[in-house]
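Position 1 is the first residue of the sequence, and the numbers go up from there.
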Amino acid sequence: MHTIHTVKLKQSNMLCNRCLTNVVKALSLIEGIKELNVNLDKKSIKITYENENFSKEVIQKIINESIVHGRVDKKIYIE
C-alpha cells in the first residue's frame, strides 16, 4: 500500500509562462503524480503524489532545474 503525499511550494523564480510550462512538463514526468496545481500569479505549486522514491527535496530540485535550464530533459526524470 502506497502513501499519498502532498507538497506545497513557493517558487519565487517562476516568473513567466515558459517557466510554468516547464514546471508542469517536468512534474508530469514523475510517476505517481495524482494532482498538480501550479499558479504563476501566486508563484505556488501544490503536488499530490504516490511515489516513495521522491521527496520534497527531489521535487524542488526538478522544479529548479526546469526553470533555470529553461527546458525539460526527460533523461533526468525518467529512470
Side-chain angles (χ1 to χ4, degrees):
M1 184 173 173
H2 296 284
T3 305
I4 302 290
H5 304 275
T6 299
V7 174
K8 295 179 182 179
L9 303 166
K10 284 287 188 182
Q11 196 65 38
S12 61
N13 64 342
M14 188 169 62
L15 303 174
C16 63
N17 285 324
R18 184 176 175 127
C19 293
L20 181 139
T21 300
N22 286 340
V23 167
V24 170
K25 283 181 182 178
L27 293 175
S28 295
L29 293 173
I30 299 173
E31 186 176 327
I33 294 287
K34 300 296 182 192
E35 183 180 338
L36 178 59
N37 186 330
V38 182
N39 186 310
L40 182 60
D41 293 332
K42 294 181 180 179
K43 298 188 184 327
S44 66
I45 301 169
K46 180 180 175 185
I47 306 148
T48 302
Y49 65 97
E50 184 178 27
N51 186 329
E52 300 303 320
N53 295 323
F54 287 94
S55 64
K56 182 176 182 176
E57 292 77 20
V58 171
I59 291 170
Q60 185 71 59
K61 181 179 177 186
I62 291 169
I63 291 168
N64 283 331
E65 286 180 3
S66 73
I67 291 172
V68 170
H69 296 298
R71 67 184 188 284
V72 176
D73 183 355
K74 290 183 182 181
K75 291 185 283 186
I76 294 173
Y77 310 109
I78 299 175
E79 295 183 353

All N/O donor-acceptor pairs, side-chain side in residues 14-21, below 3.5 Å, sequence neighbours left out:
| unit_1 | atom_1 | unit_2 | atom_2 | d |
| --- | --- | --- | --- | --- |
| Arg18 | NE | Gly70 | O | 3.4 |
| Arg18 | NH2 | Gly70 | O | 2.9 |
| Thr21 | OG1 | Asn17 | O | 2.9 |

Provide the full list of ring pair (Phe, Tyr, Trp, His ring centres under 6.0 Å) pairs with a residue in residues 6-49, sequence neighbours left out, each pair given once. His5-Tyr49

Hphob cluster co-occupancy, Ile67 + Val58, side-chain heavy atoms under 4.5 angstrom: yes

Side-chain contact test, heavy atoms from C-beta onward, threshold under 4.5 Å: evaluate it for Ile45 versus Leu27 and give yes or no. yes

If you round to the nearest 0.5 Å, how far is NZ of Lys46 from OG1 of Thr6? 6.0 Å

Test: side-chain hydrogen bond (donor to acceptor under 3.5 Å, both in side chains). Region: residues 33-44. Which pairs qualify, not counting sequence neighbours? Lys34-Glu50

So which pairs with a foot in residues 7-26 pass ring pair (Phe, Tyr, Trp, His ring centres under 6.0 Å), sequence neighbours left out? none

Can you name the side chain to side chain contact (heavy atoms under 4.5 Å, CB included) partners of Lys56, sequence neighbours left out? Val7, Leu9

Spacing of Ile59 atom CD1 and Ile47 atom CD1 [to the nearest 0.5 Å]: 4.5 Å

With Lys25, which residues qualify under salt bridge (Lys or Arg N to Asp or Glu O under 4.0 Å), at least two apart? none

Could you measure the distance from the CD1 atom of Ile63 to the CG atom of Asn13? Nearest 0.5 Å is fine. 9.5 Å

